[in-house]
Amino acid sequence: MNAEKEMRQEVKKYIDTAHVKVVKMMHAMLEIDADNDWWDTMSNNVKADVEKTKKSFAIAGNPISDNEFKSMIEDAEKGNSISLKESKKIWTKRRKALEKITR
């Protein structure tokens with residue numbers, strides 16, 4: 001058995017007996033790691049397409065933030081998709097409201 005596989009088995013054993021605070025911490029760390037993995041596995045062509053798509057949502061020359069883009073993807077995955085034109089209207093309103101708040 002290789003060292004990585006042994007370490008994984010040990011970690012699993014430790015998690016079963018760890019204090020809940022430690023389990024929560026490990027869960028958060030693993031969740032963050034899992035969220036980052038998908039991007040690292042994408043080809044450069046796919047990454048370029050994603051960046052191009054983000055730029056297509058630019059409002060007044062300002063590209064949408066990663067959080068805004070993530071929110072749009074999550075909505076689409078839930079089946080809450082709308083046209084590009086309607087989406088730009090919504091994000092324009094949100095951005096203008098945010099700009100008023102932050103001034």
- Here the salt bridge (Lys or Arg N to Asp or Glu O under 4.0 Å) pairs for residues 13-28, sequence neighbours left out, are none

- Note on the structure: Across all chains, not counting sequence neighbours, the salt bridge (charged side-chain N to carboxylate O under 4.0 Å, His left out) partners of Glu4 are Arg8

Check side chain to side chain contact (heavy atoms under 4.5 Å, CB included) between [X] and all other residues, then give those that pass, not counting sequence neighbours.
X	answer
Lys47	Trp39, Met42, Asn44
Ala48	none
Ser43	Asn45, Val46

- Note on the structure: Ile15 and Val23 have their tightest heavy-atom pair at O-CG2, 3.8 Å

- Query: How long is the span from the NZ atom in Lys85 to the CD1 atom in Ile90, to the nearest 0.5 Å?
  - Reply: 13.0 Å

